[in-house]
Undergrad: 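Submitted below is the structure of interest, expressed as structure tokens.
Sequence positions, counted from 1, serve as the residue numbers for this chain.
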Amino acid sequence: MSINSHDHPITRRLVASLLAAAITLSTAAASFAADTVVLRVGDQKGGNRSLLEISGYAKDLPYKIEWSEFPAAAPILEALNAGALDVGYTGDLSFLSVYATGAPIKAIGGTRSDAKTQAILVRQDSPIRSAADLKGKRLAGTRGGWGQFLINATLEKAQIKLEDAVFAPLGPVDAKVALVAGSIDAWAVWEPYVSFATLKDKARVIADGEGLTPTITFIVASDNAIATKRAAVQDLVQRLNKARLWSLDHLGEYAKNTAELTKLPEDVLLSAYTAQRTSPIVMDENVVKEVQAASDRSTRYGILPKTLDFSKAVDRSFTAAAAGSN
């Protein structure tokens with residue numbers, strides 16, 4: 001694995017920690033009994049399972065992973081809340097929405113993508129040219145997640161009252177159909193949907209999440225798994241972080257492999273991965289403050305039902321070594 005700090009927005013402390021983690025990975029077998037420790041992990045097609053496999057970090061696991069594939073993040077969070085999963089992977093606001101209900105889960109690691117890869121799209125022939133043109137328009141996005149947040153934040157930045165536009169709560173599949181059909185005026189979404197819409201449907205980006213959204217996706221674990229399977233969960237977090245770094249140096253190979261699994265066009269995935277530059281994060285004080293600010297904003301928008309203390313929703317110990325590295 002080659003890591004060029006000039007090309008990749010990855011902190012030296014995180015790289016140093018992940019290199020040191022190789023020692024942990026090579027000796028982790030002593031911490032587990034492979035026939036008794038089982039991690040139940042929720043995934044989406046072309047997600048973390050394929051990333052681990054294509055990068056080689058799925059080899060020689062000192063425990064067993066039982067993968068369950070879900071169509072979206074919401075049911076992963078529901079399964080974590082119900083105790084049916086130990087670990088999952090989900091967007092920051094979706095996580096907060098479920099945590100706010102009292103779910104016994106914690107954010108223990110994660111990744112960050114370029115905020116520009118969350119975007120508001122319009123049809124090629126739309127008269128909408130900028131966020132200032134969204135007043136009075138019908139805008140689609142996921143309720144309680146990045147879509148709704150980006151719409152509200154974009155309207156606020158453009159000094160448009162939230163009530164002066166119509167929010168249509170639609171998932172990505174339905175929203176894509178609605179945009180093409182003309183039953184909505186704009187669609188707030190993320191990659192790879194942005195790349196698919198712009199490359200295949202000739203949609204246009206008229207606003208994005210830069211300066212507005214954290215664009216963080218969390219590795220989430222149940223409180224029970226943290227308490228009873230800590231060594232295995234820690235090992236999985238390290239492997240996922242190392243696999244993510246591998247992907248940055250092998251975007252073409254990663255896109256090709258994921259295209260075969262998901263049946264999405266390879267050029268769409270390569271465009272998405274290149275734009276995102278998704279990198280592992282340290283769950284440090286800066287991340288806590290950034291997500292807290294987004295959480296407070298979400299409460300003000302009515303996306304979250306109450307004010308949350310994000311510091312209580314995160315377990316920083318799983319990336320503590322990275323936070324202490326130079």
Side-chain angles (χ1 to χ4, degrees), residues 25 28 31-55 57-59 61-112 142-146 171-172 190 216-244 258 261-262 278 280-281 283 287 291 295 304 308 310 312-319:
L25 293 177
S31 302
F32 314 104
D35 57 341
T36 59
V37 177
V38 177
L39 279 186
R40 302 166 299 166
V41 182
D43 197 25
Q44 298 181 56
K45 182 175 290 188
N48 283 329
R49 181 177 186 176
S50 62
L51 176 61
L52 284 177
E53 290 176 352
I54 188 63
S55 65
Y57 287 106
K59 296 178 180 178
L61 288 171
Y63 48 89
K64 181 181 178 181
I65 296 180
E66 287 185 354
W67 295 97
S68 296
E69 188 175 292
F70 294 83
I76 291 177
L77 286 162
E78 291 170 7
L80 282 164
N81 187 22
L85 290 177
D86 297 314
V87 180
Y89 190 62
T90 177
D92 44 17
L93 294 182
S94 296
F95 164 76
L96 290 173
S97 295
V98 174
Y99 179 80
T101 68
I105 56 178
K106 295 289 188 300
I108 62 172
T111 60
R112 182 192 299 278
T142 52
R143 185 186 294 280
W146 280 341
W190 53 91
I216 291 173
T217 304
F218 289 129
I219 302 170
V220 180
S222 69
D223 289 350
N224 183 64
I226 291 172
T228 64
K229 303 178 182 180
R230 172 173 285 273
V233 174
Q234 178 75 70
D235 182 82
L236 179 61
V237 170
Q238 291 173 355
R239 288 174 186 265
L240 287 172
N241 285 347
K242 290 167 75 69
R244 186 60 65 182
T258 309
L261 290 171
T262 62
T278 302
I281 59 171
M283 301 294 282
V287 168
V291 177
S295 176
L304 294 177
L308 300 177
F310 179 65
K312 295 180 179 179
V314 58
D315 186 331
R316 294 167 56 176
S317 67
F318 288 89
T319 56

Undergrad: Val87 pairs by side-chain contact (heavy atoms from CB on, under 4.5 Å) with which of Val237, Ile226, Leu236?
TA: Leu236
Undergrad: Got a second to check how far Tyr99's OH is from Leu308's CG, nearest 0.5 Å?
TA: 7.5 Å
Undergrad: Is there any salt bridge (Lys or Arg N to Asp or Glu O under 4.0 Å) pair reaching into residues 66-83, and which pairs are they, with sequence neighbours excluded?
TA: none
Undergrad: Please confirm whether the backbone N or O of Pro280 pairs with a side-chain atom of Arg244, one donor and one acceptor, at under 3.5 Å?
TA: no
Undergrad: First locate atom CG of Leu51, then atom OG1 of Thr111, and finally report the distance between them rounded to the nearest 0.5 Å.
TA: 10.0 Å
Undergrad: If you compare all heavy atoms of Asp235 against all heavy atoms of Pro62, which two are closest, and at what distance to 0.1 Å?
TA: OD2-CD, 4.1 Å
Undergrad: Can you check side-chain contact (heavy atoms from CB on, under 4.5 Å) on Ser68 and Asp43, steps first, answer last?
TA: CA-CA 6 Å; Ser68 296; Asp43 197 25; over 6 Å; no
Undergrad: If I take atom CG from residue Asp223 and atom OG1 from residue Thr228, how far apart are they, to the nearest 0.5 angstrom?
TA: 10.5 Å
Undergrad: Looking only at heavy atoms, which two atoms of Lys229 and Asp86 are closest? And how far apart?
TA: NZ-OD2, 2.9 Å
Undergrad: State, to 0.1 Å, how close Phe70 and Leu85 come at their nearest heavy-atom pair, and which atoms those are.
TA: CE1-CD1, 3.8 Å
Undergrad: Indicate yes or no for a side-chain donor-acceptor contact from Arg239 to the backbone of Lys59 under 3.5 Å, with no hydrogens or angles considered.
TA: yes
Undergrad: Using side-chain heavy atoms (C-beta onward) and a distance below 4.5 Å, is Ser295 in contact with Leu304?
TA: yes
Undergrad: Quick one: ring-ring contact (aromatic ring centres under 6.0 Å, His included) partners of Phe218, sequence neighbours excluded?
TA: Phe95, Phe310
Undergrad: In chain order, what residues pass the salt bridge (Lys or Arg N to Asp or Glu O under 4.0 Å) check against Asp92, with sequence neighbours excluded?
TA: none
Undergrad: Just to verify, which of Ile216, Ile219, Thr217 counts as forming a side-chain contact (heavy atoms from CB on, under 4.5 Å) with Ile281?
TA: Ile216
Undergrad: Take Val41 and Asn48, measure what side-chain contact (heavy atoms from CB on, under 4.5 Å) needs, and give me the verdict at the end.
TA: CA-CA 9 Å; Val41 182; Asn48 283 329; 6.0 Å; no
Undergrad: Which pair of non-hydrogen atoms, one from Ala225 and one from Val233, has the smallest distance, and what is that distance?
TA: O-CG2, 4.1 Å
Undergrad: I'd like to know whether Thr90 forms a side-chain contact (heavy atoms from CB on, under 4.5 Å) with Gln44, so could you lay out the CA-CA distance, the side-chain angles of the two residues, the decisive distance to 0.1 Å, and finally the verdict.
TA: CA-CA 10 Å; Thr90 177; Gln44 298 181 56; over 6 Å; no
Undergrad: In Å, rounded to the nearest 0.5 Å, how long is the span from CG of Leu261 to CZ of Arg49?
TA: 9.5 Å
Undergrad: Between Asp315 and Ser317, is there a side-chain donor-acceptor contact under 3.5 Å, judged purely by atom types and distance?
TA: yes
Undergrad: Grab the two heavy atoms, one from Ser94 and one from Leu77, that are nearest each other, plus how far apart they are.
TA: O-CD1, 3.4 Å
Undergrad: For Gly144, does its backbone N or O pair with a side-chain atom of Ser97 as donor and acceptor, under 3.5 Å?
TA: yes
Undergrad: For the OG1 atom of Thr319 and the CG atom of Asn241, what is their distance to the nearest 0.5 Å?
TA: 8.0 Å
Undergrad: Rounded to the nearest 0.5 Å, what separates atom CD1 in Ile108 from atom CE in Met283?
TA: 8.5 Å
Undergrad: Quick check: closest heavy atoms across Gly47 and Ser50, and the distance to 0.1 Å?
TA: O-OG, 2.9 Å
